[in-house]
Amino acid sequence: MALLEVTNLRKAYGDKVVLRDVDLAVDQHDVVCLIGSSGSGKSTLLRCLNLLEAVDDGVIEFDGREISDPLVDARGIRREIGMVFQAYNLFPHLTVLANCTLAQVRVHGVPKAEARDRAMELLTRFGLADKADVHPDALSGGQQQRAALVRALCTRPRLLLLDEITAALDPELVGEVLEIVRAEAEAGMTMVLATHEMAFAREVATTVCFLEDGRILERGTPEQLFTAPREERTRQFLGRVLG
Amino acid sequence: MTESAPAAEDWSPSPHQLVRAGARRRLDRRRRLMSTVVTLVVLGAVVAGVLVSPGWPRVRDYFLSWHQARGSFHSITVGFWVNIRIFLIAEPSVLILGAAVAVVRQSKTPWLAPLRLLAVVYADLLRGVPSLLVLAVVAVGVPALQLEGVPSSPFWLATVALVLCYTAYVSEVLRAGILAIHPTQRASADALGLSSGQTLFHVVLPQAVRRVVPPLMNDLVSLQKDTSLVSTVGVWDAMNAANDWQSYQFNGTSLVVASLYFLVIAVPLTRLTDWLLMRQIRREQGAL
């Protein structure tokens, strides 16, 4: 059974339909990459998965249970799902370490010392140990995004949603962030990520979905999609971004 | 793009979605019902608590006499016009002077150093001294100096005293707003070639003011109410008129009438600014 199953999802803002007829199944240990131009609905899809947006139709099932139901406890679902945003969204009034322990302690009831150890272990692994007591604004973009990843990983989510997490970074800082994602993918983390990094998508994805105008126009393994796309629109898009 | 055009029209919600929409509506109705019930119960309990209290008939006769309200209405109206005039003069003055003091305090120009020191001392001093005492000192002390050309009417002296007190508060509120603006905003204004004055007036202050609207309103409404303090230095305002009526008639309804006057101008003003603020936030955060 799929960990996450989306059926016939629809989302509109007023008259503007952002997602339509979206079906998506994500198995445990899958890495699903969403590609497509800006405004194709990648971010909105991720936000719907995390219940940050109420859907207008269709069903989202997580672990065999419908989570798109308005009666479902959204916080209970979000405990299990980690999310990282394009603009980092670290809390500027807290140190990096406090950013990483907040949800562990307050949401998951982890004892403070344990939360600290967990956070320090991850920060150390991702080269941020010396930044633990610094406030986020004092870090580079790449460091902030790595800290945001650590914050999301600290609570051991079963599914990780990454929303164009390298889009705001310098090309030379992209690598250090993707390093972490690559390591998580290898460790078996289930992920859905929106990305503009085609080479990276090709390397880590188990499935690549090409979104256009709110629907998944084409999907397949990276080899299929990048070397032999069926759809003309996919070919055009890949031609543009791969130069 | 070609195949997307009809999508908006030919979509109809699935049965599942209809059930879900129903559930959302029910939740919504339940929330509204709950808030109505809670409000009615709490308000009812408070009103009932007052009405059944043993002293209620006496309190009602003393504070809520229609006859007394009508009798005191005219003199309080005349008095309240004085409060309004003080307020209309003091409020813009306080905002302008407060902004000036705040700007001076956070400036870095060396030739403003003495003014900066003065601004710090001024803010500390006038926020520390009770307004009542400032009023007394200004209204009694300034005429006693017998300076030429300085107004000696209690109206003007009292207004100046209030402006002095409230400028100190408002300058601190605005300064907090200025300090809360992220340095990147100044940097991008600098990068566009704006002078420091232009940066202040077109970039920093507009954002700063918006952030501090709620505490600013606190101070302005408080100033509105404190115009009643001028009654202590012999200005014939609504407070004085109400007091006068109360001591002649042995009835406090005049005080309630004066209170209502203050409420009538304070509540719409706070509601209006609240609404403006919310609209601004919605606009800036791009909510749909």
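Just so we're on the same page: letters track the sequence lines, and every chain starts at 1. Only heavy atoms go into these numbers, but all of them, side chains included; no hydrogens, no water, no symmetry mates.
- Closest non-hydrogen pair, Gln17(B) versus Gly58(A), comes out as OE1-N, 4.4 Å.
- A donor-acceptor distance shorter than 3.5 angstrom exists from the side chain of Asp57(A) to the backbone of Ser14(B), with no hydrogens or angles considered.
- With respect to chain B, the highest number of heavy-atom pairs below 4.5 Å among Pro92(A), Ser68(A), Gly14(A), Ala12(A) belongs to Ser68(A).
- With a threshold of 4.5 angstrom between heavy atoms, Asp137(A) approaches chain B through side-chain atoms but not through N, CA, C or O.
- Each of Asn8(A), Thr7(A), Val59(A) was scored for a side chain to side chain contact (heavy atoms under 4.5 Å, CB included) with His16(B), with one residue passing: Val59(A).
- Other residues, nucleotides and ligands place more than 12 heavy atoms under 6.0 Å from the CD atom of Glu232(A).
- Between the CZ atom in Arg20(B) and the CG atom in Leu71(A) there is a gap of 11.0 Å [rounded to 0.5 Å].
- Using a 4.5 Å cut-off on side-chain heavy atoms (C-beta onward), Trp11(B) and Arg10(A) make contact.
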